[in-house]
Amino acid sequence: MTNFLSADLIGYFAACLTTAAFIPQAWLTWRRKRAEGVSLGMYIILVSGVIMWLIYGLMLSALPIIIANMVTLMLAMFILVMKLVYK
């Protein structure tokens, strides 16, 4: 039980950190209304990978993976849409 709890806490902490890493890019792109520094190819691949991680988390019923990838997907899609709109 203790190992499971520790692993879950590490999972939640890791999820918070990796998901929060997208906030500065999303904020900067939104504030400047420019996305020339954002790689379209990278974000298409990233969004595809995040969708796969979300499916994987759902298959395992792993809440830290599910939550992190749902939020990451929203942030990455936000950046991707801004890249398409602002070019």
Side-chain angles (χ1 to χ4, degrees):
M1 178 71 173
T2 305
N3 287 340
F4 178 73
L5 183 59
S6 296
D8 241 17
L9 289 176
I10 289 171
Y12 281 111
F13 188 62
C16 287
L17 290 175
T18 55
T19 300
F22 287 89
I23 294 171
Q25 181 69 61
W27 176 253
L28 184 66
T29 306
W30 173 258
R31 195 180 78 211
R32 290 185 176 173
K33 304 291 189 243
R34 289 192 335 246
E36 69 274 354
V38 174
S39 168
L40 179 62
M42 181 266 193
Y43 268 87
I44 289 171
I45 293 167
L46 177 71
V47 165
S48 300
V50 170
I51 290 169
M52 298 308 288
W53 272 112
L54 179 57
I55 292 167
Y56 177 70
L58 290 167
M59 291 172 74
L60 295 179
S61 299
L63 203 53
I65 296 173
I66 294 167
I67 292 170
N69 285 288
M70 285 176 63
V71 175
T72 300
L73 183 59
M74 289 187 294
L75 287 167
M77 285 296 296
F78 179 73
I79 295 167
L80 181 60
V81 167
M82 285 192 297
K83 173 63 177 176
L84 295 171
V85 170
Y86 298 138
K87 299 189 182 197

Do the rings of Phe22 and Tyr43 sit parallel, tilted or perpendicular, given the 30° and 60° boundaries?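 Judged by the thresholds at 30° and 60°, the geometry between Phe22 and Tyr43 is perpendicular.
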If you take all heavy atoms of [X] and [Y], which pair is closest and at what distance?
{"X": "Lys33", "Y": "Tyr86", "result": "CD-OH, 2.9 Å"}
{"X": "Leu75", "Y": "Ala26", "result": "CD2-CB, 4.4 Å"}
{"X": "Ile65", "Y": "Gly57", "result": "CG2-CA, 3.6 Å"}
{"X": "Pro24", "Y": "Ala20", "result": "CD-O, 3.3 Å"}
{"X": "Ala15", "Y": "Pro64", "result": "CB-O, 3.9 Å"}

Would you give the length of the straight line joining atom [atom1] of [X] to atom [atom2] of [Y], rounded to the nearest 0.5 angstrom?
{"X": "Leu46", "Y": "Leu80", "atom1": "CG", "atom2": "CG", "answer": "9.0 Å"}
{"X": "Thr72", "Y": "Ile23", "atom1": "OG1", "atom2": "CD1", "answer": "9.5 Å"}
{"X": "Thr19", "Y": "Leu73", "atom1": "OG1", "atom2": "CG", "answer": "10.5 Å"}
{"X": "Lys83", "Y": "Met42", "atom1": "NZ", "atom2": "CE", "answer": "12.0 Å"}

Considering only heavy atoms from C-beta outward, does the side chain of Thr29 approach that of Arg34 to under 4.5 Å?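 No, side chains not in contact.
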Do the side chains of Leu40 and Leu84 get nearer than 4.5 Å, heavy atoms only?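 Yes, close enough: below the 4.5 Å cut-off.
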